[in-house]
Chemist: 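Below is one structure. I have some questions about it.
Just so it is clear, the values below take in all heavy atoms, side chains as well, and ignore hydrogens, waters and symmetry mates. Counting convention: from 1, in listed order, for ligands and their atoms alike.
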Amino acid sequence: MAPRNKAAKAKSKAAAKKTAKKVIKLKTKKPPAKAAASNGLPRPSSKPWGQAGRALEGVKILDFTHVQSGPTCTQLLAYMGADVIKVERPGIGDITRGQLRDVKGADSLYFTMLNGSKRSITIDSKHAKGKEILERLVKLCDVLVENFAPGALDRMGLTFEHIHKLNPRMVVASVKGFGPGPYEDCKVYENVAQCAGGSASTTGFREGPPLVTGAQIGDSGTGVHLALGIVSALYQRIRTGRGQKVLCAMQDGVLNLARVKLRDQQRLKHGPLTEYSQYGEGVPFGVAVPRAGNDSGGGQPGWILKCKGWENDPDAYIYFITQAPVWGTICDLIGKPEWKTDPDYATPPARLPRLRQIFDTIEQWTMTKTKFEVMEICNKQDIPVGPILSMKEIAEEPSLRATGTVVEVDHPTRGKYLTVGNPIKLSDSPADVRRSPLLGEHTDEILAKVLGYSAADVVEIKASGAITAPEKPAKAEAA
Ligand code: CAO
């Protein structure tokens, strides 16, 4: 090391000593609570847990989202306590209000289950007066969230530069199908993202075509990523005082969730993927990660096995993991104690070429029990298993109701419905899960109480056509 560095080191050591001395002095002088306060944080609240306000209380979200990805994000933020103001097109609203409708005249479950705990205001963003109202909202809110097709927000006149001129503290968060590159202008829906993000090529059975999954990893998955981006940007704003752009591309979100498959792609260069059952079956690997059926994604082999009643119940199955540390227990349970010492079965590498036969044998045992009996027996012995739960079973599961993961809410036009509450539990910020708003339900309230328009202003705004749909011809005739 150069002598100059040595000198600098010595200098900084001395400085550190000095500071350390100072810290000791401070510690002896001040009580610990004050030391914590000097960290820039308030003193710990003395209010009981759950009564000190919710995590995102005070945060105002201008919610310009529609369909699924964006609404998933803003619903989570609303559950965390943010005031989410959903802007919808007059007379039409979020397109999903009318999609997959099950109750005539009522908002669909597609909409209601993605827009709980929000307020709805109708504004025609292309109307001059509508633009004025929107700009007032931009000045007042902390975050704008949108998932329009590329360029749509700019076409409304709400470029990032313009938004920042109006409100430099604004966080502008977007979901798009693809990031910058050859596909950036494409419109993207769930399954497009699952395919383009690498999930579909690695899902399904080897012999079959690529498969999409039922979990909405493209839409809801990206919405969850966006929520983290927003909260991080809000946290950074505490230091910098300025907002920023947050972009989540659905392709990126899916890839992030499918990262173990990119891991396997790189492993392929160094030999076959021995934990994939095709290895044991002697099927050679190609140049890309294959579909792995129900093989486990980790180092512990697993498979879905039939349980009692499988002949009539399509969900009478269990996921069974032959975790190495409990291999002996599994052998005893399924009546194969000799496998514990048999060199063909005793070690994980010895078992790899025999996985199909091993799972067939375990299945002979699971087929004598219901999936819940297998769960009960195996869990007691630390063997990881997972029953295949149908959506009916999940909807009726009391423990999910008790934790607030599945919540029943009441809606003025559809009546009671189930929704998924906050899957993220905060001990000091219980989620407030409320029904979704009717189209424009809070328009007057937001104009008056949030934006400060007078009663006369509201009358004028209504007359301008900026917040109401054009009258239908039949209605106009009657009038
Ligand atoms: N007032 C007036 N106009 C409004 C409005 C309002 N309140 N809200 C929306 N609009 C307009 C937009 O300005 C846009 O008009 P222009 O095309 O003239 O600019 C128009 O409505 C349609 O918006 P869109 O293009 O976003 O909607 P779409 O149905 O054509 O496309 C989707 C839908 C999802 C493919 C597209 O929005 C998209 O690719 N979004 C990004 C990716 C994404 O989130 N996909 C997941 C969707 S969930 O499966």
Chemist: Find all atoms of ligand 1 within a distance of less than 4.0 Å from any non-hydrogen atom belonging to Glu88, and give their numbers and elements.
Modeler: 7 (N)
Chemist: Mark yes when over 12 heavy atoms from residues, nucleotides or ligands other than Leu262 sit less than 6.0 Å from its CG; otherwise mark no.
Modeler: yes
Chemist: Among all the protein's non-hydrogen atoms, which is closest to atom 7 (N) of ligand 1, and how far away is it?
Modeler: Ile123 O, 2.9 Å
Chemist: Can you name the atoms of ligand 1, numbered from 1 with element, that are less than 4.0 Å from a heavy atom of Val67?
Modeler: 47 (C), 48 (S), 49 (O)
Chemist: When you check the gap from the basic side-chain N to the acidic O, do Asp94 and Arg97 get nearer than 4.0 Å?
Modeler: no
Chemist: Considering only protein heavy atoms, which is closest to atom 23 (O) of ligand 1, and at what distance to one decimal place?
Modeler: Phe148 CD2, 4.1 Å
Chemist: How far is atom 2 (C) of ligand 1 from its nearest protein heavy atom, and which residue and atom name does that atom have?
Modeler: Ser125 OG, 3.2 Å
Chemist: Do Tyr110 and Val67 have side chains that get closer than 4.5 Å, going by heavy atoms?
Modeler: yes
Chemist: Any ion pair linking Glu135 and Lys131 (charged N to carboxylate O, less than 4.0 Å)?
Modeler: no
Chemist: Is it the case that more than 12 heavy atoms not belonging to Arg263 sit under 6.0 Å from its CZ atom?
Modeler: yes
Chemist: Look at Lys462 together with Asp444 and state whether they make a salt bridge at an N to O cut-off of under 4.0 Å.
Modeler: yes
Chemist: For atom 32 (C) of ligand 1, find the nearest protein heavy atom and state the residue, atom name and distance (0.1 Å precision).
Modeler: Tyr189 OH, 3.9 Å
Chemist: Any salt bridge linking Asp410 with Arg435? Criterion: basic side-chain nitrogen under 4.0 Å from a carboxylate oxygen.
Modeler: no
Chemist: For atom 46 (C) of ligand 1, what's the nearest protein heavy-atom neighbour? Residue, atom name and distance, please.
Modeler: Asp219 OD1, 3.2 Å
Chemist: Could you list the atoms of ligand 1 found under 4.0 angstrom from a heavy atom of Asp124?
Modeler: 1 (N), 2 (C)
Chemist: So if I count the atoms of ligand 1 from 1 in the order they appear, which ones are less than 4.0 Å from some heavy atom of Val175?
Modeler: 41 (C), 44 (O)
Chemist: Pick whichever of Arg89, Gln216, Met250, Met156 has a heavy atom sitting closest to atom 22 (C) of ligand 1.
Modeler: Arg89
Chemist: For atom 16 (P) of ligand 1, find the nearest protein heavy atom and state the residue, atom name and distance (0.1 Å precision).
Modeler: Lys126 NZ, 3.5 Å
Chemist: Can you sort out which atoms of ligand 1 are near Lys187, meaning under 4.0 Å from one of its heavy atoms?
Modeler: 25 (O), 28 (P), 30 (O), 31 (O), 35 (C), 39 (O)
Chemist: Do Lys392 and Glu396 pass the salt bridge (charged side-chain N to carboxylate O under 4.0 Å, His left out) test, and can you show the C-alpha distance, the side-chain angles, and the key distance before you say yes or no?
Modeler: CA-CA 6 Å; Lys392 181 174 187 299; Glu396 292 164 358; 3.1 Å; yes
Chemist: Relative to Tyr276, does Arg206 satisfy both conditions: NZ or CZ under 6.0 angstrom from the six-membered ring centre, and within 45 degrees of the ring's axis?
Modeler: no
Chemist: Among all protein heavy atoms, pick out the one at the shortest distance from atom 19 (O) of ligand 1; state its residue, atom name and that distance to 0.1 Å.
Modeler: Arg155 NE, 2.8 Å
Chemist: Give the residue, atom name and distance (to 0.1 Å) of the protein heavy atom nearest atom 26 (O) of ligand 1.
Modeler: Ala149 N, 2.8 Å
Chemist: Is the closest side-chain heavy-atom distance between Phe178 and Pro150 below 4.5 Å?
Modeler: no
Chemist: Is there side-chain contact between Trp310 and Glu363, with at least one heavy-atom pair below 4.5 Å?
Modeler: no
Chemist: Could you list the atoms of ligand 1 found under 4.0 angstrom from a heavy atom of Val188?
Modeler: 39 (O), 42 (C), 43 (C), 45 (N), 46 (C), 47 (C)
Chemist: Show which atoms of ligand 1 fall inside a sub-4.0 Å distance from at least one heavy-atom site of His66.
Modeler: 26 (O), 27 (O), 33 (C), 37 (O)
Chemist: Could you tell me, atom by atom, which parts of ligand 1 come under 4.0 Å of a heavy atom of Ser69?
Modeler: 43 (C), 44 (O), 46 (C), 48 (S)
